[in-house]
Amino acid sequence: MERVIKIGSGWRIGWKPDAPEFKGLVGTDDWAVELTEAELSDFCRLLGQLADTMKQLATELMDEEKIACEAESDLLWMEVEGYPHAYSLRFILNTGRCAEGQWNASAVPALLQAAGMLKVF
């Protein structure tokens with residue numbers, strides 16, 4: 001499998017299976033951080049879980065009501081914040097090199113779709 005990089009307005013995600021340690025990449029137009037295979041797997045899994053949670057909460061919130069939801073693994077912490085139909089995403093990498101990043105609400109839907117289509121795991 002060759003290197004895959006998906007890029008959109010305000011986001012990017014990538015996979016390079018032959019890299020020795022850091023096989024994944026997440027970022028925006030302004031920053032990026034490389035991830036191990038396990039970190040990228042957790043990132044994609046937790047992002048999907050948070051998106052599902054926001055969908056489920058949509059029927060329980062008033063239109064003007066914002067919410068924040070968190071999910072974490074041993075490797076990273078993630079949070080979505082906003083409305084069920086428009087929310088920002090933040091993550092903190094909990095491993096040795098520690099990194100933090102954030103995506104605006106306008107970038108999250110396409111990042112979510114790309115993460116689901118990366119199909120590397």
Gap separating the CG atom of Leu93 from the CD atom of Glu34, nearest 0.5 angstrom
11.5 Å
Whether over 12 other heavy atoms sit under 6.0 Å from Asp74 CG
no
Is it the case that the side chain of Arg12 and the backbone of Thr28 share a donor-acceptor pair, with hydrogens and angles ignored and the cut-off at 3.5 Å?
yes
Say you draw a straight line from CG of Asn104 to CG of Leu111; how long is it, rounded to the nearest 0.5 Å?
11.5 Å
More than 12 heavy atoms from other groups under 6.0 Å of CG on Asn94
yes
Gap separating the CD atom of Glu72 from the CG atom of Leu46, nearest 0.5 angstrom
9.0 Å
Begin from the C-alpha positions of Phe22 and Arg97 and carry the test side-chain contact (heavy atoms from CB on, under 4.5 Å) through to its verdict.
CA-CA 12 Å; Phe22 299 109; Arg97 64 197 185 286; 3.2 Å; yes
Heavy-atom distance under 4.5 Å between the side chains of Glu79 and Cys69, does that happen here?
no
For the pair Arg90 and Glu81, evaluate salt bridge (Lys or Arg N to Asp or Glu O under 4.0 Å) and give the outcome as yes or no after the intermediate values.
CA-CA 8 Å; Arg90 248 181 72 199; Glu81 183 176 11; over 6 Å; no
Do you know the tightest heavy-atom contact between Ser73 and Asp42?
OG-OD2, 2.6 Å
Write down the atom of Ala105, the atom of Ala86, and the distance for their closest heavy-atom approach.
CB-C, 4.0 Å
Hey, do the aromatic rings of Phe43 and Trp103 have their centres closer than 6.0 Å?
yes
Main-chain N/O of Gln49 paired to Thr53 side chain as donor or acceptor, under 3.5 Å
yes
Please go through Ile92's hydrophobic cluster and name the other residues, only I, L, V, M, F, W, Y counting, with side-chain heavy atoms under 4.5 Å joining them.
Trp77
Mind checking the CD-NZ spacing from Gln113 to Lys6? Nearest 0.5 Å is all I need.
9.0 Å
Do Ile13 and Leu76 belong together in a cluster built from hydrophobic side chains that touch within less than 4.5 Å?
yes
Would you please say whether a donor-acceptor pair under 3.5 Å links the side chains of Thr95 and Glu39?
yes
Given the side-chain rings of Trp11 and Trp31, with only the six-membered ring counted for Trp, is the space between their centroids under 6.0 Å?
no
Check whether Tyr83 and Leu112 end up in the same hydrophobic cluster, where Ile, Leu, Val, Met, Phe, Trp and Tyr are linked by side-chain heavy atoms less than 4.5 Å apart.
no
Tell me whether Leu75 shares a hydrophobic cluster with Leu40, the cluster being built from Ile, Leu, Val, Met, Phe, Trp, Tyr side chains joined at under 4.5 Å.
no
With heavy-atom distances below 4.5 Å as the criterion, would you say the side chains of Gln56 and Pro84 are in contact?
no
Applying the 4.5 Å side-chain criterion to the ILVMFWY set and letting contacts propagate, would Leu25 and Phe91 be lumped into a single cluster?
no
Would you check if the side chain of Lys23 reaches a backbone N or O of Glu37 as a donor-acceptor pair within less than 3.5 Å?
no
Which atom of Leu89 lies closest to which atom of Met78, heavy atoms considered
CD1-CE, 3.6 Å
The test is side-chain contact (heavy atoms from CB on, under 4.5 Å); show your working for Val108 and Val80 and say whether it passes.
CA-CA 9 Å; Val108 172; Val80 291; 5.7 Å; no
Measure the shortest side-chain to side-chain distance between Met54 and Tyr87 over non-hydrogen atoms and say whether it is less than 4.5 angstrom.
yes
Of all heavy-atom pairs between Asp29 and Gly8, which one has the smallest distance, and what is that distance?
OD1-O, 3.9 Å
